Amino acid sequence: MVKIYNLRIVPHDVIFEEIDQFKRKFETLFSKQSLVRSKPHITLAAFEMDTQQENTMLKAFNELSSIEKFKLEIEGFDIFENNANVLLLKIAANKEVKHIHTLVKILWIRDLHRKLTTIKIPATPHITISKTSGTKMLHDSLSYFSKIEYIRQLAVNKLTLVSRRQHETWDWEYHIPLGE
């Protein structure tokens with residue numbers, strides 16, 4: 001069976017709850033939209049894989065535990081336009097995230113013998129608040145949320161791998177602890 005996998009950074013409880021409150025506020029003010037009820041996270045990689053290869057994939061991805069714990073900066077609200085129409089929280093450029101992306105690509109090719117075209121690595125790390133139904137809602141929501149100063153430092157001490165069947169909810173997760 002083929003499942004969809006997502007390697008992500010999940011904020012710790014306090015920041016997770018604050019972001020979840022923003023998502024609920026968006027839903028109250030602008031209506032329920034796609035991704036508004038997703039759990040707060042930063043996607044590092046997304047891919048599909050047969051579950052028969054899951055142990056091999058976990059063995060490969062466990063090499064990411066050699067990365068030391070690090071911090072990320074959340075730098076307030078922004079948007080993706082151009083057909084995406086996403087309200088988001090910006091993540092400051094970070095060498096550790098770039099390093100994770102590089103290692104994931106190496107593991108993908110070297111250990112899992114897959115082509116880079118079969119994995120999606122987001123160019124701009126971010127935390128999605130919600131998709132919007134169009135550019136008016138997008139800009140109205142940015143106008144509202146940009147009045148809220150939201151700058152946080154996020155301690156990253158583990159990576160989380162989740163999976164699901166297509167069109168279903170995430171039903172499995174695996175944690176990769178980071179080094180000291």
Side-chain angles (χ1 to χ4, degrees), residues 3-27 32-49 51 54-55 57-80 84 86-105 107-108 112 119-131 145 148 150-180:
K3 290 181 92 176
I4 298 166
Y5 291 85
N6 194 288
L7 180 66
R8 53 179 56 171
I9 295 169
V10 178
H12 57 76
D13 293 346
V14 173
I15 292 177
F16 184 97
E17 188 55 40
E18 289 172 349
I19 296 168
D20 200 48
Q21 290 292 332
F22 291 139
K23 289 170 148 296
R24 284 185 254 185
K25 186 67 160 176
F26 178 96
E27 187 173 358
K32 182 178 177 184
Q33 298 292 315
S34 177
L35 302 179
V36 75
R37 296 215 177 151
S38 66
K39 293 180 179 176
H41 67 277
I42 301 163
T43 299
L44 298 170
F47 55 93
E48 291 184 5
M49 184 171 284
T51 55
E54 194 169 83
N55 286 337
M57 183 256 308
L58 291 176
K59 184 179 177 192
F61 278 30
N62 273 326
E63 287 192 37
L64 297 172
S65 65
S66 66
I67 297 167
E68 292 184 10
K69 296 174 184 177
F70 62 96
K71 295 188 185 320
L72 287 176
E73 298 288 332
I74 300 173
E75 297 185 319
F77 295 90
D78 202 357
I79 56 175
F80 286 149
V86 172
L87 177 69
L88 58 93
L89 284 165
K90 295 186 291 187
I91 304 298
N94 183 283
K95 69 180 194 280
E96 286 88 354
V97 170
K98 288 181 178 152
H99 181 60
I100 291 169
H101 285 161
T102 300
L103 286 177
V104 166
K105 289 176 187 176
L107 297 171
W108 195 248
L112 298 171
I119 190 168
K120 294 177 189 146
I121 297 181
T124 308
H126 64 281
I127 300 172
T128 298
I129 300 299
S130 183
K131 281 189 151 272
F145 282 98
I148 301 167
Y150 191 73
I151 298 170
R152 296 287 185 275
Q153 190 172 73
L154 171 61
V156 181
N157 58 14
K158 68 181 175 190
L159 304 178
T160 302
L161 194 58
V162 295
S163 73
R164 64 178 172 85
R165 290 183 182 172
Q166 190 160 3
H167 307 299
E168 293 187 16
T169 58
W170 302 104
D171 59 7
W172 173 89
E173 75 179 31
Y174 179 82
H175 300 284
I176 303 166
L178 299 182
E180 293 300 325

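Everything quoted here is computed from the prediction, not taken from an experiment.
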key: Stepwise side chain to side chain contact (heavy atoms under 4.5 Å, CB included) test for V97 and I91   = CA-CA 10 Å; V97 170; I91 304 298; 5.6 Å; no

Once you round to the nearest 0.5 Å, how far does [atom1] of [X] lie from [atom2] of [Y]?
| X | Y | atom1 | atom2 | result |
| --- | --- | --- | --- | --- |
| I127 | L89 | CD1 | CG | 5.5 Å |
| K39 | T160 | NZ | OG1 | 10.5 Å |
| L178 | E180 | CG | CD | 9.5 Å |
| K158 | H175 | NZ | NE2 | 4.5 Å |
| I4 | H167 | CD1 | NE2 | 7.5 Å |
| L44 | L159 | CG | CG | 6.0 Å |

task = State whether the number of non-hydrogen atoms from other residues, nucleotides or ligands found under 6.0 Å of K131 atom NZ is greater than 12.
result =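 Buried by this count: over 12 neighbours within 6.0 Å.
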
query = How about K59: does its NZ atom have over 12 heavy atoms from other parts shown lying under 6.0 Å from it?
reply = no

So, for [X] and [Y], which heavy atoms are closest and what is the spacing to 0.1 Å?
| X | Y | result |
| --- | --- | --- |
| P40 | D20 | CG-N, 4.0 Å |
| S34 | S130 | O-OG, 3.5 Å |
| P11 | I19 | CG-CD1, 4.2 Å |
| P125 | I42 | CB-CG2, 4.0 Å |
| M49 | Y5 | O-CE1, 3.6 Å |
| I176 | S65 | CG2-N, 3.8 Å |

Determine whether a donor-acceptor pair (N or O, by modelled atom type, separation under 3.5 Å) exists between the side chain of [X] and the backbone of [Y].
| X | Y | value |
| --- | --- | --- |
| H12 | L154 | no |
| K23 | S38 | yes |
| N62 | L58 | yes |
| N94 | E73 | no |

task = Answer yes or no: is there an ion pair linking R24 with E17, defined by an N-O contact shorter than 4.0 Å?
result =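 Salt bridge present between R24 and E17.
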
request  = Quick one: do W170 and H41 satisfy side chain to side chain contact (heavy atoms under 4.5 Å, CB included)? Show the steps, please.
outcome  = CA-CA 13 Å; W170 302 104; H41 67 277; 5.8 Å; no

message = Does F77 form a ring pair (Phe, Tyr, Trp, His ring centres under 6.0 Å) with F22? I'd like the steps, not just the answer.
response = CA-CA 10 Å; F77 295 90; F22 291 139; 5.0 Å; yes

Mind checking whether [X] and [Y] have side chains closer than 4.5 Å, heavy atoms only?
| X | Y | answer |
| --- | --- | --- |
| L161 | M57 | yes |
| I121 | W108 | no |
| H99 | F70 | no |

remark   = Residue pairs passing the salt bridge (charged side-chain N to carboxylate O under 4.0 Å, His left out) test with at least one member in residues 162-175, sequence neighbours excluded, are K3-D171

query = Does the side chain to side chain contact (heavy atoms under 4.5 Å, CB included) test come out yes or no for F61 and L112, once each step is laid out?
reply = CA-CA 10 Å; F61 278 30; L112 298 171; 3.9 Å; yes

Verdict with supporting geometry, L88 and I129, side chain to side chain contact (heavy atoms under 4.5 Å, CB included) = CA-CA 5 Å; L88 58 93; I129 300 299; 5.5 Å; no

message = If only side-chain N and O atoms count, and only distance matters, is there a donor-acceptor pair under 3.5 Å linking E18 with Y150?
response = yes

